[in-house]
Amino acid sequence: MAGDEIVQIYLKTPDSKASLQRPIKRLKGFQRLTIPAGQTKTVSIGIDCSDLWFWDAEKERITFDQGKYIFEIAASSKKIKGQVEAEMNGIFKPVLQTLVAECGKVVLNPGNKVQTSVTASLSDDSFFDITNAKVIYKSSNPTVASVDAKGMVTAIGPGVATIAAEVTIDGTTKTGSYPLKVMADLTLGSISKDGQPIANFKPDNHSYSYLIKDVSAKIPVISARSSVEGIKINVTQASSLPGTALISLSDDISGQSGSYTVNFGTSSYSDEFETSSLNEHWTWLRENKDNWTLSESPGKMILTAGKGDLKGSRNNASNILLQSANTDWSIESKMEFSKRPEAPDQQGGLIAYQDDDNYVKLVYINSSKGFMGSDGYFELLVEREGAQYSAANILTAGIIPADRTLTFKLEKTGSRYKAYYSTGGKDFEFLGSTDVVLRDVSAGLITCGGGAAPEGDLVAGMMGIRSGSEEKPLRIKIDNFRIVNAGN
């Protein structure tokens, strides 16, 4: 025979049980070759024993048929040219092949415990009961994390360690490992004011407030002690009253840092906006005189949302009205919105402010939370070091009254801020809370136009958002700003 030819090897296992229901013939090898006219050629097609294995679902491992095998040499399944028989018998002894060590949590705090889990598989793809194996556990750095003879890991101190499990089965040894990181304990053991420990100290409370009556008094001196050795502490004392002492903690091993604050504040000012001029306690941030008035509607402060925002690097919102509130406090404010916020991030509400990149605010806002479309939300927003996130929010559809009058309440206790809202004269509903460490805190009112969609923006048109030049400005009539201070 001359020309192209394909030599194929088909396998039959006549001794296997019919109940196994494997195919009568199985292709196990082939080779294409070209034979010139009048010539012959020897072909070698290797069949490895592992090619004959199959998965035994009942025993959950790979195995092989004992007995006779018939290898058919053919050009196709119907053109059989010859056959070879072979016997396969004996027992395959599997050996340890793969070992995996892991645990459910690889970032720990000192004192945390996690159990090492070890999985061993053999060369027949079966799993070995690890309780019947010899296992040795080791830690690459016991000062970071220790491990006992049963694989229980205990986090000791900051740093990174590798936990290894060495397993021996029938003379074969394999090692599996995983890394874990232990975080530094950046909690304080105590805080003292003028040498005396503050009475209400708790390690997980990162902010404390003192209500100062005499601003001419000597500025208190703050000292602090870490709860563990090796943590560096630096105290930046308050430079004035009101003012904040900042306690900074750092760990050289992990590179972590943390902070506590001790705030010294005076009583803030509640305002019913009954006068035609603004009280001296208030201060404008980026004042635009055209966008606020106390005379248009007696007994109300009217703020008009101007262009700009206070989000990320876009710190150009105008007419943020602030006063010192460097204590614990509870603020309530009743306000009437001229319309539903329509432009992206158009908003109005209350703010607790450190600077343009660090604040907490409770606002009625137009927010996009999906692929398309936007809607009104009550939202507790936090910005830390220029990165803003939502701590809590609720869609306002169906809960805003026809006159769009609502009351916000924001409470500060230490570093904990709690947000509430009331609509239609109803009781306050809890929105959510967040933990944020701010220093030299001011509190007040914010309204801004956000980022209006560009004119001609097709997606904005589909979403029903008009450009800033076309939409009517958002105006907020504020009935009051009521604040009650608290502190040590």
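Only heavy atoms go into these numbers, but all of them, side chains included; no hydrogens, no water, no symmetry mates.
For Val221, the side chain to side chain contact (heavy atoms under 4.5 Å, CB included) partners are Asp194, Gln237, not counting sequence neighbours. For Asn291, the side chain to side chain contact (heavy atoms under 4.5 Å, CB included) test picks out Asn288, Thr304, Asn319, with sequence neighbours left out. Ser415 pairs by the side-chain hydrogen bond (donor to acceptor under 3.5 Å, both in side chains) definition with Asp435, not counting sequence neighbours. Checked against side chain to side chain contact (heavy atoms under 4.5 Å, CB included), Ser190 has the following partners two or more places apart in sequence or in another chain: Arg225. With sequence neighbours left out, the side chain to side chain contact (heavy atoms under 4.5 Å, CB included) criterion links Lys193 to Ile198, Tyr210, Pro220, Ile222, Phe264. A search for salt bridge (charged side-chain N to carboxylate O under 4.0 Å, His left out) contacts involving Glu332 returns nothing, not counting sequence neighbours.
In summary, the side chains of Thr261 and Ser207 do present a donor paired with an acceptor at a separation below 3.5 Å, with no hydrogens or angles considered.
Rounding to the nearest 0.5 Å gives a distance of 8.5 Å between CZ of Phe128 and CG of Leu96.
Pairing each heavy atom of Lys418 with each of Ser433, the nearest pair is CG-CB, 3.9 Å.
Ser227 places a side-chain N or O within 3.5 Å of a backbone atom of Thr187 that can act as its donor or acceptor partner.
Residue pairs satisfying the salt bridge (charged side-chain N to carboxylate O under 4.0 Å, His left out) criterion with at least one member in residues 237-259, sequence neighbours excluded, are listed as follows: Lys232-Asp252. Listed by first and then second residue, the ring pair (Phe, Tyr, Trp, His ring centres under 6.0 Å) pairs that reach into residues 324-356 are Phe337-Tyr364, sequence neighbours excluded. Here salt bridge (charged side-chain N to carboxylate O under 4.0 Å, His left out) pairs that include residues 388-409, with residues two or more places apart or in two chains, are Lys409-Glu411.
Salt-bridge formation is not detected for the pair Arg314/Asp345: no Lys NZ or Arg NE/NH1/NH2 atom is positioned less than 4.0 Å from an Asp or Glu carboxylate oxygen. Taking the charged nitrogens against the carboxylate oxygens, Glu272 and Arg482 do have a contact shorter than 4.0 Å, which makes a salt bridge.
Contact annotation: the side chain of Gln347 never approaches that of Asn366 to less than 4.5 Å [non-hydrogen atoms, C-beta and beyond]. Under the 4.5 Å side-chain criterion, counting only non-hydrogen atoms from C-beta, Leu211 is in contact with Ser267. Side chains of Pro242 and Asp440 form no contact here, defined as non-hydrogen atoms less than 4.5 Å apart.
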Indicate every side-chain donor-acceptor pair of residues 98-113 with a distance under 3.5 Å to a residue at least two apart or in another chain.
unit_1	atom_1	unit_2	atom_2	d
Asn112	OD1	Asn109	N	2.8
Lys113	NZ	Thr154	OG1	2.8

Without placing hydrogens or testing angles, list every side-chain donor-acceptor pair under 3.5 Å for residues 420-428, not counting sequence neighbours.
unit_1	atom_1	unit_2	atom_2	d
Ser422	OG	Lys426	O	2.3
Thr423	OG1	Ile399	O	3.2

Show me the donor-acceptor pairs, under 3.5 Å and distance only, between side chains in residues 296-303 and residues at least two apart or in other chains.
unit_1	atom_1	unit_2	atom_2	d
Glu296	OE1	Arg475	NH2	2.9
Glu296	OE2	Arg475	NH1	3.0
Lys300	NZ	Asp479	OD1	2.7

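Here the rule is side-chain contact (heavy atoms from CB on, under 4.5 Å) with Phe378, and of Ile365, Val363, Ile400, Asn393 only Ile400 fits it. Here the options are Leu249, Asn234, Val437, Ile247, the test is side-chain contact (heavy atoms from CB on, under 4.5 Å), and the partner is Ser259; only Val437 passes.
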Notebook entry, point to check: Can Phe273 and Phe481 be said to form a side-chain contact (heavy atoms from CB on, under 4.5 Å), step by step?
Noted result: CA-CA 8 Å; Phe273 301 115; Phe481 179 90; 4.2 Å; yes
